[in-house]
K.L.:
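Here you go, one structure.
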Amino acid sequence: MDSLNRMALELADEALEFTEELDIGAFELDSGATVIDFGVEHEGGLEAGLLLAELQTAGLATVQTRVDEVAGATFPHVELACDQPDVAMLGAQKAGWELTAEDYEGLGSGPARALVAREGEFQAIDYVDAFEFAVLALEGDELPTEAAAREVADLAGVEPGSVFLPAYRTASVAGSVSAAARAVELAVFRLYELGYDPTNVLSASGSAPVAPVAADEQTAIGRTNDALAYGGRVHLTVAEDFDAFEAVPSSAAELYGDPFADVFGSEDWDHDEIDEGAFGPAQLTVDVVGGPTYAIGEVREGLLADGFGLA
């Protein structure tokens, strides 16, 4: 397979070419690292969010929007389809890099993770990237700093001037769109956690509503998780059957049925204290090639309406 970071770099170049049209911003740090502001100080929008999601999956997924409903209200939904979901979701899109520098904290997703490849998923998918550029999307309150860029460069083994850092707040249009594009990622990662070989996932498609942009990051984190856990739908075509598909949807978690703002609040916003089973899509259909088809879980529009603050 071609380098994930090379493919993502092409999308980063596209973002830089159309900053005005996408209402995003870009600038170079002193080290030469490039920050692309998808939704921190710039507004961004649906198209910016779609490009961000494509970048996070290194261009291996088709990402688009459609208009649908949540509890009778019209909402955009993000649809994602991918024929290499193991590499695209676990090797790129997964938000698995908790970046901490002296003056910056953010959650990193995107193909720069594959240059480091310390997470167990990379052994499972048998993929490690090697490229002279690194692309890491950062979700955080502020724009990445010089120290953050140097930390990425050091760990990825590239020069600071070869680092590209798309950045966004959860409480932004791009943040809501990027989150809605993660329904498939949640399903594939949950299968991996349960012991299923992710390379057996042959193709995947999914959708979720775009959560209303919140006034603060905590509310936004709650809403974007609600969009997936109570509104995310996923279809997987897999090569092998498994005895734990029913544990993938969010309904398998003990805390199922509460808005995520309440779930996170009950644990003082410590993600690690929350049942990992809660982070699954609402509904999953699994088509085993030459075998059965499973339909598990359900969309809960009433919970979505509560979490989204629908009047």
Side-chain angles (χ1 to χ4, degrees), residues 3-5 7-9 11-12 15 24 33-40 44 48-61 63 78 80 82 84-101 104-122 125 127-129 131 133-144 148-149 151-152 155-156 163-172 174-190 192-193 198 204 206 208 217 220-221 224-225 227-228 232 271 279:
S3 163
L4 293 180
N5 282 274
M7 291 186 285
L9 183 61
L11 293 165
I24 61 178
T34 301
V35 175
I36 308 174
D37 180 3
F38 277 86
V40 180
L50 292 173
L51 181 56
L52 175 63
E54 287 186 39
L55 191 152
Q56 289 169 312
T57 58
L60 290 177
V63 190
V78 174
L80 179 146
C82 181
Q84 294 176 305
D86 55 338
V87 177
M89 307 299 122
L90 301 187
Q93 188 184 26
K94 178 176 174 283
W97 187 333
E98 295 182 11
L99 179 63
T100 302
Y104 179 82
E105 290 185 0
L107 185 59
S109 59
R113 294 173 44 250
L115 295 170
V116 182
R118 292 180 180 174
E119 302 160 60
E121 298 93 307
F122 290 97
I125 64 176
Y127 181 83
V128 176
D129 200 3
F131 195 59
F133 290 87
V135 183
L136 185 71
L138 289 171
E139 182 178 5
D141 290 337
E142 300 177 347
L143 291 170
E151 178 74 8
V152 173
L155 289 175
V163 171
F164 287 76
L165 301 174
Y168 63 100
R169 290 178 291 110
T170 312
S172 67
S176 286
V177 172
S178 171
R182 292 184 178 276
V184 169
E185 177 219 316
L186 293 185
V188 176
F189 180 62
R190 186 74 185 117
Y192 162 75
E193 287 183 310
E217 287 293 277
I221 290 169
T224 53
N225 277 279
L228 294 164
H271 182 285
F279 300 102

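Predicted model only: the values in this text are computed from it and were never measured.
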K.L.:
Tell me the closest heavy-atom pair linking P166 and L52, and the distance in Å.
P.N.:
CB-CD1, 4.1 Å
K.L.:
Do R113 side-chain atoms and A92 backbone N/O form a donor-acceptor pair below 3.5 Å?
P.N.:
yes
K.L.:
What are the two closest heavy atoms between L80 and M89, and how far apart are they?
P.N.:
CD2-CE, 3.8 Å
K.L.:
Quick one: does L155's side chain get under 4.5 Å of L99's, heavy atoms only?
P.N.:
no
K.L.:
Does D129 use its side chain to pair, donor to acceptor, with the backbone of N5 at less than 3.5 Å?
P.N.:
yes
K.L.:
Between the main-chain N or O of L4 and the side-chain N or O of Y127, is there a donor-acceptor pair closer than 3.5 Å?
P.N.:
yes
K.L.:
Keeping E217 on the side-chain end and T170 on the backbone end, is there a donor-acceptor pair under 3.5 Å?
P.N.:
yes
K.L.:
Do you know the tightest heavy-atom contact between W97 and L136?
P.N.:
CE3-CD1, 3.6 Å
K.L.:
So which atom in L90 and which in P198 form the shortest heavy-atom distance, rounded to 0.1 Å?
P.N.:
CD1-CB, 3.7 Å
K.L.:
Kindly give the heavy-atom pair with the smallest separation between A134 and A156, and that separation in Å.
P.N.:
CB-CB, 4.0 Å
K.L.:
Locate the shortest heavy-atom distance separating A148 from Y104; write the atom from each residue and the value.
P.N.:
CB-CD2, 3.7 Å
K.L.:
Side chains of L107 and E98, heavy atoms from C-beta outward: is any pair under 4.5 Å?
P.N.:
yes
K.L.:
Which residues satisfy the side chain to side chain donor-acceptor pair (under 3.5 Å) test with E121, sequence neighbours excluded?
P.N.:
K94
K.L.:
Answer yes or no: is there a side-chain heavy-atom contact under 4.5 Å between V63 and Q56?
P.N.:
no
K.L.:
Within this structure, what is the CD-OG distance for the pair E54 and S178, rounded to the nearest 0.5 Å?
P.N.:
11.5 Å
K.L.:
Can you give the donor-acceptor pairs under 3.5 Å from side chains of residues 179-186 to other protein atoms, not counting sequence neighbours?
P.N.:
residue, atom, partner, partner atom, Å
R182, NH1, Q93, O, 2.6
R182, NH1, E185, OE1, 2.4
R182, NH2, Q93, O, 3.4
R182, NH2, S109, OG, 3.2

K.L.:
What residue among D37, L165, L138, I36 forms side-chain contact (heavy atoms from CB on, under 4.5 Å) with L143?
P.N.:
D37
K.L.:
Is it true that, when you exclude E142 itself, more than 12 heavy atoms of the residues, nucleotides or ligands shown sit nearer than 6.0 Å to its CD?
P.N.:
no
K.L.:
Hey, are the side chains of L51 and I24 touching, using non-hydrogen atoms and a 4.5 Å cut-off?
P.N.:
no
